[in-house]
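Heavy-atom basis, side chains included; hydrogens, waters and symmetry copies ignored. No experiment lies behind these values; they were computed from the predicted model shown.
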2 protein chains.
Amino acid sequence: MGRRTGTRRVGIADVALKAGVSHATVSRVMNGNFTVDPAIAQRVRDAAAELNYQPNPVGRSLALGKTDTIGIVVPDLANPTFQAILRGLSMAAAQDGYRVLIADSSEVSSEEAILAGEARRRCDGLVLCAPRMGDAELEELAPSLHPMVLINRSTTETRVPSLEVDYSQGVQELAEHLVGLGHTSIAFLAGPARSASNRARMAGLDKFRAAHPGVELRMLEGGSSFETGHEAVDEVLASGATGVLAFNDLVAMGLLSGLHERGVRVPEDISLTGFDDIPFARYTTPPLTTAAVPITELGERAWHSLRALIRNAEAPDEETTFQPRLEIRGSTGPAGT
Amino acid sequence: MGRRTGTRRVGIADVALKAGVSHATVSRVMNGNFTVDPAIAQRVRDAAAELNYQPNPVGRSLALGKTDTIGIVVPDLANPTFQAILRGLSMAAAQDGYRVLIADSSEVSSEEAILAGEARRRCDGLVLCAPRMGDAELEELAPSLHPMVLINRSTTETRVPSLEVDYSQGVQELAEHLVGLGHTSIAFLAGPARSASNRARMAGLDKFRAAHPGVELRMLEGGSSFETGHEAVDEVLASGATGVLAFNDLVAMGLLSGLHERGVRVPEDISLTGFDDIPFARYTTPPLTTAAVPITELGERAWHSLRALIRNAEAPDEETTFQPRLEIRGSTGPAGT
DNA sequence: TTGAAAGCGCTAACAC
DNA sequence: GTGTTAGCGCTTTCAA
């Protein structure tokens with residue numbers, strides 16, 4: 001049995017009573033059903049306005065079997081990349097009258113499945129953003145989460161569209177750019193081990209290595225934050241590399257700041273690249289050379305895919321790969337000055 | 001009458017049937033009601049596990065009159081300040097089993113009321129973040145949105161707690177800091193006109209002006225983004241000011257980058273301050289002198305206030321003001337070199 | 001301890 | 001064109 005919390009909320013029954021009609025008629029009017037006599041419709045609208053009545057979405061949801069809400073699960077809301085995806089998703093969904101519910105797994109991969117399930121049950125669909133869980137678990141979970149779209153991850157489940165960024169290609173272009181500038185000793189400051197996008201970058205660098213046997217390429221352990229980059233200064237300097245590929249812009253910015261504190265000049269002494277092209281990247285000193293990913297658009301596209309799934313119940317079987325665009329700025333320069 | 005979307009979802013009835021008990025008993029077991037015979041309870045749990053049953057939150061919400069969800073309305077999800085508030089709110093609410101629904105008004109103040117109302121109806125409570133709407137409208141809206149907490153805005157409605165940052169005090173300290181460094185010509189690069197926090201800064205600067213008749217203080221129109229700051233370079237240079245107070249860190253960073261492009265040295269030629277101390281502020285070159293606001297904590301506190309309102313239905317009548325902390329870094333230095 | 005039944009607020013089929 | 005009624009999936013009172 002329901003509960004009253006504080007002031008009684010006005011429901012459809014109150015309006016019906018006031019207008020002297022049935023619930024059904026009120027419902028029809030509120031939903032713009034034109035089979036209602038105009039005079040009566042007006043009476044209902046007046047009553048509704050007078051009582052300041054607004055239909056209860058929970059009641060509607062139960063009756064209609066939909067919530068007009070979608071969920072998004074992200075590993076870390078502090079990460080500008082995920083913030084931008086969220087923003088793109090939220091804006092696009094809002095255009096179609098959908099709201100978004102957020103779930104932050106705080107990089108705890110064991111929480112993801114539970115969070116995703118809970119979010120999914122409250123919503124009409126789900127966006128799973130760069131999930132850290134293992135492939136097997138993702139594969140097993142996917143059917144129960146449908147409709148869902150995946151960002152920076154994929155599954156064999158055919159009904160699940162995947163939006164992916166070609167990190168492999170991007171990092172290769174960045175590395176080629178450094179080689180083009182004469183760098184022969186390069187270091188990669190890696191990201192979180194569980195991150196699929198980090199694995200993709202690794203794969204890209206393997207290809208790069210095969211194509212450039214003469215170039216020395218070192219892998220350095222890292223993470224995905226400012227702090228990681230800032231703390232890596234010593235390791236980077238010790239590596240002797242003149243060109244550094246940071247996991248992403250955040251890491252690059254932390255490193256840049258650390259190098260600056262040490263009096264190491266960028267790009268004269270060390271060339272440095274980021275990844276993502278977050279809004280801040282162009283405002284560092286020097287501005288960051290990076291691989292630009294249309295992150296906000298990614299969120300927008302995620303909604304479009306999800307919308308199709310929700311509407312059709314048939315999968316568009318979309319699998320889209322976004323190509324990063326090399327953005328050359330001041331943080332990279334000729335080697336060996 | 002309800003609708004079936006795709007695959008039939010398993011409901012309480014299926015479990016009841018399988019376990020050979022009534023709906024009511026299943027409900028009791030699922031809610032940890034111990035008045036159920038242990039053997040039967042186990043049978044129910046087994047059936048639930050086998051069917052992979054999870055209670056439908058919409059059904060629960062309707063019966064219980066609560067959604068375990070709160071809403072947040074922000075003027076612009078692209079703003080790091082609001083992102084940090086959202087994050088603090090989301091993390092804190094998650095601790096108590098609440099999720100958050102987001103609504104971005106895109107700085108369109110006329111949308112705020114509608115968005116807020118819609119969000120509120122779907123949720124158990126609302127956080128209204130730096131609303132751009134007028135005082136009168138806010139005042140009128142407040143009762144219908146209860147329980148709600150306000151960030152960087154206040155109302156006379158006693159049941160609405162307000163969490164505010166003392167921008168007036170912060171900007172005064174920043175200005176004093178510049179004066180202490182010998183600056184006698186200062187410019188304030190203002191924020192959005194509708195922003196209450198901008199008005200608070202203005203008020204603070206009025207006080208500052210009264211206290212320092214000898215200091216020349218110019219007001220420059222601006223906004224709240226990078227771009228605003230970047231575009232303001234000419235105006236700032238034309239003002240002849242040697243000390244510049246930017247509306248926030250974002251604006252300061254844009255301006256910093258613009259000054260750098262012009263070959264203007266910071267802090268040698270111009271000293272520059274931001275506001276907020278977003279995570280990026282310490283990583284600019286030079287690092288930004290700013291007034292640090294515990295933004296994430298603000299979100300966290302917002303949840304605590306809201307939680308109290310939701311639980312008590314009585315208002316804690318909280319009115320908290322956060323004092324910014326002066327964070328002196330490299331972007332400010334002695335005047336007149 | 002358990003089940004039957006009412007009710008949360010709404011939509012929609014069906015009958016008038 | 002409008003009202004009656006069933007039903008969405010759940011919780012909870014009440015009676016057994």
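Rounded to an integer number of Å, the gap from B:D14 CG to D:dC10 C1' is 13 Å. Following rounding to the nearest Å, A:N31 (CG) and C:dG9 (P) show an atom-to-atom distance of 17 Å. Across the protein-nucleic acid pair, A:H23 atom NE2 and C:dC14 atom P stand 20 Å apart, rounded to whole Å. Remark: P of D:dG9 and CD1 of B:I12 are 11 Å apart, rounded to the nearest angstrom. Straight-line distance from the CZ atom of A:R28 to the P atom of D:dG3: 8 Å, rounded to whole Å. Here C:dC10 presents its P atom at 9 Å from CE of A:M30, a figure rounded to the nearest Å. Between the NZ atom of A:K66 and the P atom of C:dC10 there is a distance of 16 Å, rounded to whole Å. One interatomic measurement links the two molecules: CG of A:N33 to P of D:dG3, which rounds to 13 Å at whole-angstrom precision.
At a threshold of 4.0 angstrom between heavy atoms, the contacts of A:Y53 are confined to the sugar-phosphate backbone, with no base atom among them. As judged by a 4.0 angstrom heavy-atom cut-off over every strand, B:V21 is placed among residues touching the sugar-phosphate backbone only.
Checking D:dT11, D:dG3, C:dG3 against every side-chain atom of B:S27, the shortest atom distance belongs to D:dT11. Listed candidates were D:dT13, D:dT11, D:dC8. Nearest to the side chain of B:A63 is D:dT11. With D:dT2, D:dG9, D:dT12 as the candidates, the nucleotide lying closest to the side chain of B:L64 is D:dT12. When the nucleotides C:dT11, D:dG3, C:dT2 are ranked by their closest atom to the side chain of B:V36, C:dT2 comes out on top. Considering only side-chain atoms of B:I40, the nucleotide from D:dC8, C:dT2, C:dC10 that sits closest is C:dT2. Taking the side chain of A:A24 as heavy atoms from C-beta on, and the options D:dG3, C:dG9, C:dG7, the nearest nucleotide is D:dG3.
By the 4.0 Å N-to-carboxylate-O rule, A:E107 lies close enough to A:R132 to be salt-bridged with it. B:E118 has a carboxylate O that lies under 4.0 Å from a charged side-chain N of A:R99, or vice versa, which qualifies the two as a salt bridge.
For the side-chain hydrogen bond (donor to acceptor under 3.5 Å, both in side chains) condition, the pairs that include at least one residue of residues 68-81 of chain A, sequence neighbours left out, are A:K66-A:D68, A:N79-A:T81, A:T81-A:D276.
Rounding to the nearest 0.5 Å gives a distance of 12.5 Å between CG of B:L86 and CG of B:L298.
For the pair B:N56 and D:dC8, the criterion of a side-chain N or O lying under 4.0 Å from OP1 or OP2 is not met. Phosphate contact (OP1/OP2 of D:dG3, side-chain N/O of A:T25, threshold under 4.0 Å): present.
With contacts defined as side-chain heavy-atom distances shorter than 4.5 Å, the pair B:T320/B:R301 qualifies.
Looking at which nucleotide of DNA chain D each of A:A41 and B:V26 is closest to, the 5′-most match is held by A:A41. Of the two residues contacting DNA chain C, namely B:T35 and A:P55, the nearest-nucleotide position lying further toward the 5' end is that of B:T35.
Side chains of A:R122 and B:N56: no donor on one and acceptor on the other come within 3.5 Å. B:T155 and B:E139 share a side-chain donor-acceptor pair at under 3.5 Å.
No side-chain donor-acceptor contact under 3.5 Å links B:R153 to the backbone of B:A130.
Rotation axes derived from the C1' atoms of the five outermost pairs at either end of the helix from C:dT1-D:dA16 to C:dC16-D:dG1 lie 50° apart, to the nearest 10°.
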